[in-house]
Amino acid sequence: MTPTPPPTPDSTNPAWTRLREGNTRWSQGRSTADGSRGAARRAELTASQSPFALILGCSDSRVPAEILFDQGLGDLFVVRTAGHVLDTTVLGSVEYAIQILHICLIVVLGHEDCGAITAATRIIDHGQVPPGYIRDIAERITPDVLRARTAGAATIAQIAGLHTLYTIERIQQRSALIDHAIHTETVTAVPAQYCLNTGTVTIIQPPTNHTNPPHTYHTPALQSA
């Protein structure tokens, strides 16, 4: 059975509010995080850490979570792989964040113009298989490309958006610990997408049927000015 992602976090979710407001500041050129990235903050963290959210994102150099959410040292627990592809190390890292660090929010963060999604699409459309272990990454994404197209996705951006949703489902399927935390509402899991042009993050909404393409909706504080 396919797990159902939890409801979108509302304005009362403090962790999501903090990320949302940080992204708004950064995308509008009003970053305030420099003060929490210096020597004093570094000294505060030498003995322990207590991040308030986990970001599972893509390794793309243009999508650094701490910067685009305008956060400082020790604020985020970040796991990044190309195309946010999962393996046992990634799952163990997410479980660690939940079980040991007691984070309450997981954000799976995709982005537009994702090279891993593009490579997976080329395998399906043109039989172009990338070399080496890049092939392994792309082939892990191909089922999500096919599934997204069945749901109506027509562009790489739309496929990438639904890939974040499917990644949450796969995390729940593969980890009983994570699935339990989400279903008991100890942890909220959010599928999101970063826009390279505007710098904004949007939550991904599942398609309502299999004929219309998936779309994103903006929470009020994330809308472009």
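Here the structure is a predicted model, which is why all the values come from computation and not from measurement. Counting begins at 1 with the first residue of the sequence.
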K.L.:
Where is the tightest heavy-atom contact between Ala160 and Ile117, given as atom of each residue plus distance?
P.N.:
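That closest heavy-atom pairing would be CB-CG1, 4.1 Å.
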
K.L.:
Which pair of heavy atoms, one from Phe69 and one from Leu19, lies closest together, and at what distance?
P.N.:
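Nearest heavy atoms, Phe69 then Leu19: CD2-O, 3.4 Å.
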
K.L.:
Working to the nearest 0.5 angstrom, can you tell me the gap between Trp16 CH2 and Thr188 OG1?
P.N.:
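One finds 11.0 Å between CH2 of Trp16 and OG1 of Thr188.
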
K.L.:
Within the distance-only criterion (no hydrogens, no angle test), does the side chain of Gln193 pair as donor or acceptor with the backbone N or O of Ala157 below 3.5 angstrom?
P.N.:
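Yes, Gln193 side chain to Ala157 backbone: donor-acceptor pair under 3.5 Å.
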
K.L.:
Could you please spell out the steps behind the side-chain contact (heavy atoms from CB on, under 4.5 Å) verdict for Thr121 and Arg149?
P.N.:
CA-CA 10 Å; Thr121 303; Arg149 284 182 168 172; 3.2 Å; yes

K.L.:
Are the side chains of Cys114 and Asp60 in touch, meaning some heavy atoms are under 4.5 Å apart?
P.N.:
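Not touching, per the 4.5 Å side-chain cut-off.
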
K.L.:
Atom OG1 in Thr32, atom CG in Asp70: separation rounded to 0.5 Å?
P.N.:
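So the gap between those two atoms works out to 4.5 Å.
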
K.L.:
Nearest 0.5 Å, please: how far is CZ in Arg20 from CD1 in Ile203?
P.N.:
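Atom-to-atom, Ile203:CD1 and Arg20:CZ are 8.5 Å apart.
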
K.L.:
Is the backbone N or O of Asn13 less than 3.5 Å from a side-chain atom of Arg18, with the two atoms forming a donor-acceptor pair by type?
P.N.:
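No; judged by distance alone, with no hydrogens or angles, the pair does not exist.
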
K.L.:
Heavy atoms only: give me the nearest Pro191-Ile168 pair and the separation to one decimal.
P.N.:
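Heavy-atom minimum between the residues: N-CD1, 3.5 Å.
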
K.L.:
Going from CZ on Phe77 to CG on Leu101, what distance comes out if it is rounded to the nearest 0.5 angstrom?
P.N.:
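Going from the CZ atom of Phe77 to the CG atom of Leu101 covers 5.5 Å.
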
K.L.:
Are Glu169 and Arg147 close enough, and set up right, to give a side-chain contact (heavy atoms from CB on, under 4.5 Å), and what steps lead you there?
P.N.:
CA-CA 13 Å; Glu169 291 182 2; Arg147 185 179 173 190; 2.8 Å; yes

K.L.:
What pairs of donor and acceptor atoms, side-chain ones from residues 83-100 against any protein atom, are under 3.5 angstrom apart with sequence neighbours left out?
P.N.:
| unit_1 | atom_1 | unit_2 | atom_2 | d |
| --- | --- | --- | --- | --- |
| His84 | ND1 | Thr167 | OG1 | 3.1 |
| Asp87 | OD1 | Thr89 | N | 3.0 |
| Asp87 | OD1 | Val90 | N | 2.8 |
| Ser93 | OG | Thr89 | O | 2.9 |
| Glu95 | OE2 | Ser175 | OG | 2.6 |

K.L.:
Test Leu73 against Glu66 for side-chain contact (heavy atoms from CB on, under 4.5 Å), laying out the working first.
P.N.:
CA-CA 8 Å; Leu73 291 174; Glu66 293 91 343; over 6 Å; no

K.L.:
List the atom pairs, with distances to 0.1 Å, where a side-chain N or O of residues 42-50 and a protein N or O form a donor-acceptor pair under 3.5 Å, not counting sequence neighbours.
P.N.:
| unit_1 | atom_1 | unit_2 | atom_2 | d |
| --- | --- | --- | --- | --- |
| Glu44 | OE1 | Arg41 | NH1 | 3.0 |
| Thr46 | OG1 | Ala43 | O | 3.1 |

K.L.:
Could you tell me whether Asp125 atom CG has more than 12 heavy atoms of other residues or ligands within 6.0 Å of it?
P.N.:
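Atom CG in Asp125 is packed in, count exceeds 12.
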
K.L.:
Got a second to check how far Ile178's CD1 is from Thr186's OG1, nearest 0.5 Å?
P.N.:
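The distance works out to 13.0 Å.
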
K.L.:
Mind listing the closest non-hydrogen atom pair of Asn23 and Thr200 along with its distance?
P.N.:
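Heavy atoms only, the tightest pair is OD1-CA, 3.4 Å.
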
K.L.:
Checking one residue: Tyr133. Which other hydrophobic residues are in its cluster under the side-chain 4.5 Å linking rule?
P.N.:
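Hydrophobic cluster check, Tyr133: no partners found.
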
K.L.:
How close do Ala138 and Ile123 get, heavy atom to heavy atom, and via which atoms?
P.N.:
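In this case the closest contact between Ala138 and Ile123 is CB-CD1, 3.6 Å.
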
K.L.:
Compare every heavy atom of Ala15 with every heavy atom of Phe52, then report the nearest pair and how far apart it is.
P.N.:
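In this case the closest contact between Phe52 and Ala15 is CE1-O, 3.6 Å.
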
K.L.:
Between OH of Tyr194 and CG of Asp113, what distance do you get to the nearest 0.5 Å?
P.N.:
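If we round to the nearest 0.5 Å, Tyr194:OH and Asp113:CG are 12.5 Å apart.
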
K.L.:
Set out, in order, the CA-CA distance, both residues' side-chain angles and the distance that settles side-chain contact (heavy atoms from CB on, under 4.5 Å) for Ser59 and Arg80, then state yes or no.
P.N.:
CA-CA 5 Å; Ser59 300; Arg80 298 174 70 182; 4.1 Å; yes

K.L.:
According to a 4.5 Å side-chain heavy-atom criterion applied to Ile, Leu, Val, Met, Phe, Trp and Tyr, with indirect links allowed, do Ile141 and Ile124 form part of one hydrophobic cluster?
P.N.:
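Hydrophobic grouping puts Ile141 with Ile124.
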
K.L.:
Is Asp144 close to Ile159 at the side-chain level, that is, under 4.5 Å between some pair of heavy atoms?
P.N.:
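Result no, sub-4.5 Å side-chain heavy-atom pair not found.
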
K.L.:
Given the rule that I, L, V, M, F, W and Y join up when any side-chain heavy atoms are under 4.5 Å apart, are Ile134 and Val129 in one cluster?
P.N.:
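No; Val129 is not reachable from Ile134 via cluster members.
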
